Amino acid sequence: MTHEIIIAGFGGQGIMLMGQLLAYAGMLEKKHVSWIPSYGPEMRGGTANCSVIVSDQVIGAPIVSEPTILIAMNNPSLFKFEQSVQAGGTIIVNSSLVSRDPLRDDVTTIKIPANDIADQLGIKRVANIVTLGAMLKKIDIVEKDSIIKSLNKVFNSKPDIVTLNTVAFERGQLDVIGK
């Protein structure tokens with residue numbers, strides 16, 4: 001199975017980290033992966049997105065122009081990428097910040113109030129990991145254990161951050177709403 005994913009939001013929302021974690025987890029599972037970041041000139045508040053491919057087969061080209069999955073962490077991201085999602089694909093929206101449902105009826109929509117959940121956890125910066133947990137609960141891309149191992153790799157000198165992100169990931173898996 002091949003999953004072509006665009007993850008998009010504002011700079012500072014952990015967009016690149018989500019993509020890196022998926023790519024690392026895929027590598028741990030001996031899958032073929034690619035990860036390409038793209039961001040505007042601003043560090044925080046500007047636009048950011050990344051393309052990730054996780055596949056059981058060799059990846060012919062790392063560019064994702066028609067994703068099977070879109071994660072839209074804010075309104076501008078949904079507006080920009082919604083029409084590029086393949087028919088039959090999935091759009092995951094951070095319903096805390098995205099004010100409307102996708103307009104398409106040929107895709108599956110998954111809503112996760114990621115910022116609200118992160119606020120409930122008392123850790124605003126983990127909305128991205130909440131969203132990642134929700135996505136992986138609904139779509140079989142990589143195993144939870146591979147994500148946790150990837151968190152340990154990225155934050156190997158900060159075990160407290162691994163613990164916080166693990167809690168956020170698990171909470172996202174509990175609170176996902178799909179249609």
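Computed from a predicted model, the values in this text were never measured in an experiment.
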I need the [X] [atom1] to [Y] [atom2] distance, nearest 0.5 Å.
X    : Y    : atom1 : atom2 : answer
E4   : T68  : CD    : OG1   : 6.0 Å
E143 : D145 : CD    : CG    : 7.0 Å
L28  : I147 : CG    : CD1   : 9.0 Å
I71  : M18  : CD1   : CE    : 4.0 Å
K138 : I112 : NZ    : CD1   : 10.0 Å
F81  : I6   : CZ    : CD1   : 5.0 Å

Identify which one of I110, T108, L78 satisfies the side chain to side chain contact (heavy atoms under 4.5 Å, CB included) criterion when paired with I91.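 Exactly one option meets the side chain to side chain contact (heavy atoms under 4.5 Å, CB included) with I91, and it is L78.
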
Side-chain heavy atoms of [X] within contact of [Y], under 4.5 Å:
X    : Y    : result
N94  : M73  : yes
V142 : L21  : no
P102 : V93  : yes
W35  : Q20  : yes
P67  : I5   : no
V52  : V33  : no
K144 : K137 : no

Work out which heavy atom in [X] is nearest to a heavy atom in [Y]; give both atom names and the distance.
X    : Y    : result
K124 : A118 : O-CB, 3.8 Å
G19  : C50  : CA-SG, 3.8 Å
A48  : M16  : CB-CE, 3.9 Å
N128 : G14  : ND2-O, 3.2 Å
N115 : A127 : OD1-CB, 3.8 Å
E82  : R100 : OE1-NH2, 2.9 Å

Distance-only, no hydrogens or angles: does the S96 side chain make a donor-acceptor pair with backbone N or O of D116 under 3.5 Å? yes

Given 3.5 Å as the limit, does a donor-acceptor pair link the side chain of S77 with the main chain of G9, or not?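 Judged by distance alone, yes, a pair lies under 3.5 Å.
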
Counting neighbours of CD on Q86 that are heavy atoms of other residues, nucleotides or ligands and sit closer than 6.0 Å, is the number greater than 12?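 Yes, the 6.0 Å shell around CD holds more than 12 heavy atoms from other groups.
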
With hydrophobic residues grouped by side-chain heavy-atom distances under 4.5 Å, do I53 and I36 end up in a single group?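 Hydrophobic grouping puts I53 apart from I36.
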
In one Ile/Leu/Val/Met/Phe/Trp/Tyr side-chain cluster, 4.5 Å: L97, I92: no

Would M135 and L22 count as a side-chain contact (heavy atoms from CB on, under 4.5 Å) if you check the C-alpha gap in whole Å, the side-chain angles of each, and the deciding distance to 0.1 Å? CA-CA 11 Å; M135 178 184 70; L22 278 171; 3.8 Å; yes

Can you give each donor-acceptor pair under 3.5 Å made by side-chain atoms of residues 149-158, sequence neighbours left out, with the distance rounded to 0.1 Å?
from	atom 1	to	atom 2	distance (Å)
S150	OG	A25	N	3.1
S150	OG	S146	O	2.8
N152	ND2	I148	O	3.0

Are H32 and D56 close enough, and set up right, to give a side-chain contact (heavy atoms from CB on, under 4.5 Å), and what steps lead you there? CA-CA 6 Å; H32 301 273; D56 295 327; over 6 Å; no

Quick one, I69 with I141, criterion side-chain contact (heavy atoms from CB on, under 4.5 Å). Give me CA distance, side-chain angles, the key distance, then yes/no. CA-CA 11 Å; I69 302 167; I141 302 171; 3.6 Å; yes

Who pairs with K31 by salt bridge (Lys or Arg N to Asp or Glu O under 4.0 Å), at least two apart in sequence or on another chain? E29

Would you tell me whether S99 and N75 have side-chain atoms, one donor and one acceptor, within less than 3.5 Å of each other?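 On atom types as modelled, these side chains qualify, holding a pair under 3.5 Å.
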
